[in-house]
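Written out below as structure tokens is the structure these notes cover.
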Amino acid sequence: MASLTIRNLENDTRQILRLRAARHGNSLEEEVRMILRRVASEEERPGRKHGNLYDAIRELVEPHGGFDLEIPERSLPSRDPPTEHDPAAVRSESFMDSVNRLKAKYGTVELDIPPRSRAVTEPAISGSDAG
């Protein structure tokens, strides 16, 4: 592996890189390696100067003032929404409906909710609450 020394790097630039590395969970050295790898690989692909299709299309169209697209009519008739009696219909139920259904079937339901997901306002059901 080769080494690279960068002299006369501004303190502000170093600080920005250090904070960026911390946000990504990397060392400063690893963060700079990742940045250099990404930039070097982008240079190897000369046809891709945009990060996404929207920006590429916009660059082509904007100098001409844009254009309007006509939206064609649907050629197929729309279908009726699924009904309760349709076996392919997806049954939608609330979280607590699901918990109560499982509790009725198995007698107890234990929920293991990670700490940052505890946005549930209803109490968790545990084995001691089973009826």
Side-chain angles (χ1 to χ4, degrees):
M1 291 257 168
S3 293
L4 176 67
T5 302
I6 301 173
R7 291 187 179 86
N8 301 322
L9 182 66
E10 295 85 2
N11 287 333
D12 290 347
T13 303
R14 182 184 181 281
Q15 180 67 9
I16 289 168
L17 288 170
R18 191 181 69 75
L19 292 172
R20 177 186 166 126
R23 275 194 315 269
H24 295 141
N26 297 322
S27 67
L28 175 61
E29 195 172 278
E30 179 60 24
E31 188 71 18
V32 171
R33 271 195 299 268
M34 290 172 59
I35 292 169
L36 289 172
R37 263 188 234 115
R38 188 181 73 239
V39 170
S41 70
E42 287 173 3
E43 292 295 318
E44 292 298 314
R45 294 178 276 151
R48 291 208 52 184
K49 62 181 180 176
H50 298 288
N52 60 49
L53 182 60
Y54 172 81
D55 290 336
I57 292 172
R58 184 179 180 123
E59 183 180 317
L60 292 171
V61 172
E62 204 166 54
H64 305 287
F67 57 88
D68 293 322
L69 295 175
E70 219 174 284
I71 301 174
E73 292 292 322
R74 294 185 87 167
S75 58
L76 299 173
S78 62
R79 59 186 171 97
D80 292 333
T83 64
E84 189 176 317
H85 304 291
D86 182 359
V90 177
R91 182 169 180 240
S92 139
E93 60 184 357
S94 74
F95 173 74
M96 286 310 295
D97 288 341
S98 299
V99 170
N100 290 331
R101 183 176 45 80
L102 291 170
K103 185 178 175 186
K105 184 173 183 178
Y106 298 109
T108 183
V109 175
E110 291 188 26
L111 302 176
D112 185 18
I113 301 174
R116 29 191 243 193
S117 300
R118 290 194 187 267
V120 178
T121 57
E122 299 181 42
I125 299 172
S126 67
S128 62
D129 294 339

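Because the structure is predicted, anything quoted here is derived from the model rather than measured.
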Practice task
Rounded to the nearest 0.5 Å, what's the gap from CG on N52 to CZ on R58? Could you check?
Solution key: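 So the CG of N52 and the CZ of R58 are separated by 11.0 Å.
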
Problem - Pairing residues for L4 by the side-chain contact (heavy atoms from CB on, under 4.5 Å) criterion, not counting sequence neighbours - result: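 Only I6, L36 meet the side-chain contact (heavy atoms from CB on, under 4.5 Å) criterion with L4.
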
Fill in the blank from the handout: Between S27 and A21, the two heavy atoms sitting closest are O-CB, 3.6 Å

Tell me, please, which residues at least two apart from [X] pass side chain to side chain donor-acceptor pair (under 3.5 Å).
X	answer
E29	R33
E70	none
R20	E31

If you look only at distance, which donor and acceptor atoms sit under 3.5 Å apart when one is on a side chain in residues 11-19 and the other is two or more places apart or in another chain?
{"from": "T13", "atom 1": "OG1", "to": "E10", "atom 2": "OE1", "distance (Å)": "3.4"}
{"from": "Q15", "atom 1": "OE1", "to": "R18", "atom 2": "NE", "distance (Å)": "3.3"}
{"from": "Q15", "atom 1": "OE1", "to": "R18", "atom 2": "NH2", "distance (Å)": "3.4"}

Fill in the blank from the handout: In L53, D55, L60, the residue satisfying side chain to side chain contact (heavy atoms under 4.5 Å, CB included) with I57 is L53

Exercise for the section: State yes or no: do V32 and V39 share one hydrophobic cluster built from I, L, V, M, F, W and Y residues joined by side-chain heavy-atom distances below 4.5 Å, directly or via other members? Expected result: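 In one cluster: yes.
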
